[in-house]
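The structure under discussion appears below in the form of structure tokens.
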2 protein chains.
Amino acid sequence: MMMMPNDLMTIRQMCDAFDVTPRTLRFYEAKELLFPHRDGTRRLFTRRDRARLTLILRGKRFGFSLEDIRQILDLYDRDGSNHAQTIRTYELAQQRLAQMEAQRAELDLAIADLKAELDAGEAMIATLRRAAE
Amino acid sequence: MMMMPNDLMTIRQMCDAFDVTPRTLRFYEAKELLFPHRDGTRRLFTRRDRARLTLILRGKRFGFSLEDIRQILDLYDRDGSNHAQTIRTYELAQQRLAQMEAQRAELDLAIADLKAELDAGEAMIATLRRAAE
DNA sequence: CGTTACACTGACGTTAACGTCAAGCACTCT
DNA sequence: AGAGTGCTTGACGTTAACGTCAGTGTAACG
């Protein structure tokens, strides 16, 4: 055990750990979502990058754009300077929270609808089964 | 009052009612999501089209693709024939329901996370306010 | 009958989020 | 030295969901 000297990971280790392609990680760096260090030319991803990537992937799962996510991520690592910007970002995040809660309400509705349809389908299939005997 | 002879609507009436562009409605027709009648060359949208469009727009709001939506819509207007296909579609919808419930669970988590961050931000801003007096 | 208003059909443009080469370093093993 | 492996940077390709524009048609109005 000295196979992970620091907590820095190569691009391949990252890909295996998060099930993404190298292209994706480079793309996220280009979009300033990740900031890996360099060993000469090679990328080395830090613990911070992994935390961010976790949030990126979570955000993507319910339809946020990478640009949305980038702005949210900025909320996570303010250092206390740049107060005005902090407050603006805070307000932005509040808006987004409202959106998300509205989205959940609609999702609840849609799930109820779909469940009703499924019950109807089930009844119909049962009928078909009986007719087939 | 005889301005709505049947319950058929022109493309413009549809656009106004649903806040979409003509291009969008034509596109949905091309993708076989809508099936407006024709008066010569002009489209006339039925009550059924309106019901479908409502579901299309709802589906889009939480990130389903039009192709996903098209398959779900098929569940809504089975006529009882083509049983095998009905059952397959039913199973497909069940899978999607599971996805949606998983998605909601994650959404709940993310909302909690974001709320925590917002509370932190609030405390920080309060501190800044006090420091500014 | 001319014009205005609205609709139609192509067909090309656009954005997001990567995929997919191509070509070239930098190590390491043999 | 040569071969292989892994990483790098361009740069062009791709899909979804429309936007946008050009050219044409037609129904109604004055």
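All of these numbers come straight from a predicted model, not from anything done at the bench. Letters A, B, ... are given to chains in the order of the sequence lines, protein chains preceding strands, and every chain is numbered from 1.
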inquiry  = Strictly below 4.0 Å, N to O, side chains only: are A:E29 and A:R70 in salt-bridge contact?
reply    =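 No salt bridge links A:E29 with A:R70.
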If I take atom [atom1] in residue [X] and atom [atom2] in nucleotide [N], what distance separates them, rounded to the nearest angstrom?
X     : N      : atom1 : atom2 : answer
A:L33 : C:dA16 : CG    : C1'   : 13 Å
B:R23 : C:dG10 : CZ    : P     : 12 Å
A:Q13 : D:dG6  : CD    : P     : 12 Å
A:R38 : C:dC25 : CZ    : P     : 17 Å
B:F45 : C:dA7  : CZ    : P     : 10 Å
B:L25 : C:dC8  : CG    : C1'   : 14 Å
A:E29 : C:dC18 : CD    : C1'   : 15 Å
A:F27 : D:dA11 : CZ    : C1'   : 14 Å

State whether [X] places a side-chain N or O below 4.0 Å from either non-bridging phosphate oxygen (OP1 or OP2) of [N].
X     : N      : value
B:K60 : D:dA16 : no
B:Y28 : D:dA17 : no
B:K31 : D:dA16 : no
A:T21 : C:dG19 : yes
B:T24 : D:dG19 : yes

key: Heavy-atom closest contact (B:I11 atom, B:F45 atom, distance)   =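 Reported closest heavy-atom pair: CA-CE1, 3.8 Å.
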task = Could you pull out the closest heavy-atom pair between B:F27 and B:L66, with the gap in Å?
result =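 Looking at all heavy atoms of both residues, the closest pair is CE2-CD1, 3.6 Å.
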Could you go over nucleotides 4-6 of chain C and give all protein N or O partners under 3.5 Å, atom names and distances?
none

message = Using a 3.5 Å distance criterion without hydrogens, assess whether the side chain of B:R52 forms a donor-acceptor pair with backbone atoms of B:L33.
response =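 Looks like yes, one N/O pair under 3.5 Å.
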task = Indicate yes or no for a side-chain donor-acceptor contact from A:D49 to the backbone of A:F35 under 3.5 Å, with no hydrogens or angles considered.
result =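 Yes, the answer is positive, given that a donor and an acceptor are paired below the 3.5 Å cut-off.
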message = Any non-hydrogen side-chain atom of B:Q13 less than 4.5 Å from a side-chain atom of B:D16?
response =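 A side-chain contact under 4.5 Å is absent here.
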key: Pairwise side-chain contact, A:Y28 with A:V20, heavy-atom cut-off 4.5 Å (strictly under)   =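 Contact flag for A:Y28/A:V20 side chains = no.
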query = Between the base of D:dT8 and the side chain of A:R26, is there a donor-acceptor distance below 3.5 Å?
reply =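 When only heavy-atom distances are counted, A:R26 does not reach the base of D:dT8 through any donor-acceptor pair under 3.5 Å.
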